[in-house]
Amino acid sequence: MTIQIYNTLTRQKEEFVPLNQGHVGMYVCGPTVYGNSHIGHAKSYVSFDVMVRYLRYCGYKVLYIQNITDVGHLTDDADEGEDKLVKQARIDRVHPMQIAELMTRSYFEDMDALNVLRPDISPRASGHIIEQIEIIRKLVKNGFAYETGGSVYFDVTKFPSYGKLSGRTLDESLEGTRVGTRSEKRHSADFALWKKAEGGHIMRWPSPWGEGFPGWHIECSAMSMKYLGESFDIHGGGMDNQFPHHECEIAQSEAATGKPFVKYWIHNNLVTVNGRKMSKSLGNFITLKDAFKKFDPVVVRFLILQSHYRSTLDLSDDSLLGAKIGLEKLFNTIRNVRETIKKTDQDQHAGQPAIDFSAYKNRFLEAMSDDFNTPQAVAVIFDLAREANQLLHAESMPGMETLLALNALFSELGGMILGIVTNDLSSTARDENDEAKLIDILVQTRQKAKSEKAWWAADFIRTELEAAGIRLEDKKDGTIWRKIDS
RNA sequence: GGCGCCGUACCCAAGUGGUAAGGGAGAGGUCUGCAAAACCUUUAUGCAGCGGUUCGAAUCCGCUCGGCGCCUCCA
C-alpha cells in the first residue's frame, strides 16, 4: 500500500517515495524552550508522532530529528526583537541556559505523558553554533549573504524562488513593510543569519563577524542537514511556521548547497480555543500541565487523533469530555477482551473466528495511508469494538484464538500505531476531588449506619479515617471533616 | 490591502463526483434484584445561502453571507 502525503510545497497529495529506498529522514521543528508547553505543542507533536509510528510500522527505517531551540528565537520582528530565552532569564533573574534546561525537561515530561515517542536525536541550537556559522560563511562566500555592522543577513533578491513554499512574492513582502523603519538590511525581506551581540548580551559566541548569536532560521538548516544530509525526505512543523521560518530555511539551505532541501513539507494545523487561535501573544494558551490536571493525557491524545492533522482543533471542555467518555468505552471493551482471555480455558477453540480481522486492518491501513487520516482510523477501531462487544455478549463464548487475535489487533492498530491502547488500561478518570468524593461517601455511609444504630460500623469508619489523617466532627446539623497531621 | 483556509445533526468530527464514517449527547427497547456495562432501533431527503456544470454534487465552477489564519513572535 502506498502512502499519500499532502505536500505543502506542491499543494497536493503525493505518493510518498523516499529518497533512499526503505529509509526516511524526517525533521520537525521543535519547541522554543522558554515556557511550559501547551495544547498546541501536543497537537503538533502527537500528529508527527503518529506519522513516525506509521512509517515505521510500514517498514521504513525512520531517523527522526526534532530540535530544541534554546537560542536565537527573537520575540518580535524576526530581526529586531530580543532573544526569548534571554528575556525570560532576565525576568526570572537566572541564566538563560537554566530556563532552557528546565523547560526542556518539562517538555519531555509532557510528551512522555502523551505517549509521544522521543525523537532519535534532539539537537540543541546552542550546541550547533559551529555548524551554523559554517553555513553562514558559505552563504557570504557565495554572495547570498552580506555582513553589515557585525550582523549577517540573507539577501533574498539573490534567491529567485524565495516564496515558493508560502506562495509569496518579494513585491508582496515589500508592500507590507513599514515605511521609514531604519534598518541595516538591504531589502525588507532579508532575514538575519547572525546577529551582533550588544554589550551585556549573555548568549554570545565568537564568529568571523565578531561576537554574536545565530538568527532563528539558521539552526534548523544546520541541524537537519547535519544529521539527515543536504537533501532529506520530510520536514514538518506548525502552519504558523510556513512563513517566514520554513521559507527562509529553504532559501538558506538551497543557496548553500545548490541542492533541493526537502522533498515533502508537512504542516499541521493549529489549536483554537473558543474559535480563536491559541497563541502566546494572545495569552489564551492552555499549558499541558494544567490540562492534565483535569484530563488524562491519553484523553488529550485521543481527542487530537479524532481530528485530522490539517484541520484546526477547537478545544473545549465539552470536546475533551466527549473524548474521555468515548475512550473509556473503547477501553472497557478491550479490558473485557483481556479479562475474558484470562478466564477462558486455553484449550477452548469452540466457535468460528466470527470477525473478519483482515477487513478491519485493511480499512485502518487505508485510512492511515491517505495522508494519515487518523479520524477514519479511529472510526475503524470503534467499529471493531462494537463487533467485539457483540461477540463477548453472545450466547456462546468466542474461542481463544478469536480473543487473542482481537486483543492483538487492538494493540497493533490502537497501540503501536495510534499510541492510545497500552498494556495497562487504567481508568481515564482525572479529578482532583476524587479523594474528597470518596470521603464524602464514607461520611454518608456512616450517617446511614448511625441512623440504624449500627454504632460499630459508624465508629469503625471514624476510627479508620482518623488513622488515615481525616478527622470527623459531628455537628448539630451534620458531619464535617478535615485533614489532620497524622 | 495581499495570500490562503473553513462553514457537515444539539456538540466534536471524517468524507473532495456515485447517493451522508466515527465519538459524545438525546429518545425507545433488550438484558438485569437495583445499578453499571453491553447490544439493538432511532435522531441531517440533506452538508451556510443562491445559481450553474453533470446521468449524478457536501464534493467541481460562480456569486452572496458568516467565521478564521498568515503577511511581526508562536506548534
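Chain identifiers are assigned alphabetically (A, B, ...) following the order of the sequence lines, protein sequences preceding nucleic acid strands; residue numbering begins at 1 within each chain.
When the side-chain nitrogen and oxygen atoms of H41(A) are compared with OP1 and OP2 of rA75(B), one or more of them lie within a distance under 4.0 Å. Phosphate proximity of rC40(B) to R386(A): present, with a side-chain N or O under 4.0 Å from OP1 or OP2. Contact annotation: S311(A) reaches the phosphate of rA14(B) (side-chain N/O to OP1 or OP2, under 4.0 Å).
Heavy atoms of S47(A) sit nowhere under 4.0 angstrom from any nucleic acid atom. G40(A) comes within 4.0 angstrom of a base, heavy atoms only. Across all strands shown, K277(A) has heavy atoms under 4.0 Å from base atoms, whether or not it also approaches the sugar-phosphate. Nucleic acid contact class of T32(A) (heavy atoms, under 4.0 Å, all strands): sugar-phosphate only. Counting any heavy atom pair closer than 4.0 Å across all strands shown, F285(A) reaches no nucleic acid atom. V271(A) comes within 4.0 angstrom of a nucleotide base, judged by non-hydrogen atoms across all strands. Across all strands, M239(A) comes closer than 4.0 Å to no nucleic acid atom at all (heavy-atom distances).
Across the strands present, rU53(B) finds no partner; the criterion is a Watson-Crick or G-U wobble pair with both atom distances under 3.5 angstrom.
Taking atom CG of residue L418(A) and atom P of nucleotide rG22(B), one finds them 17 Å apart after rounding to whole Å. Look at CG on D318(A): it is 14 Å from C1' on rG26(B), rounded to the nearest Å. For the pair F382(A) CZ and rA13(B) P, the interatomic distance rounds to 16 Å; values are reported in whole Å. For the pair H38(A) NE2 and rA75(B) C1', the computed distance is 6 Å after rounding to whole Å. Rounded to whole Å, the distance from CG on L270(A) to P on rA75(B) is 10 Å. Rounded to an integer number of Å, the gap from OH of Y6(A) to C1' of rG15(B) is 17 Å. Remark: P of rC3(B) and CZ of R168(A) are 11 Å apart, rounded to the nearest angstrom.
Across every non-hydrogen atom of R204(A) and A197(A), the tightest pair is NH2-O, 3.6 Å.
H308(A) and Y6(A) have their aromatic ring centers separated by at least 6.0 angstrom. Outside the 6.0 Å centre-distance limit, the rings of F302(A) and F331(A) are not counted as a close aromatic pair.
Residue-to-nucleotide proximity on RNA chain B shows that, of D314(A) and N268(A), the 5′-proximal contact is made by D314(A). Along RNA chain B, the nucleotide closest to N332(A) and the one closest to P31(A) are compared, and the more 5′ of them pairs with N332(A).
Under the 3.5 Å distance criterion, with hydrogens and angles disregarded, a donor-acceptor pair is assigned to the side chains of N67(A) and T69(A).
Among rC71(B), rC12(B), rG23(B), the nucleotide with an atom closest to any side-chain atom of F243(A) is rC71(B).
Tested against D49(A) for a salt bridge (Lys or Arg N to Asp or Glu O under 4.0 Å), the candidates K43(A), R56(A), R301(A) yield a single pass: R301(A).
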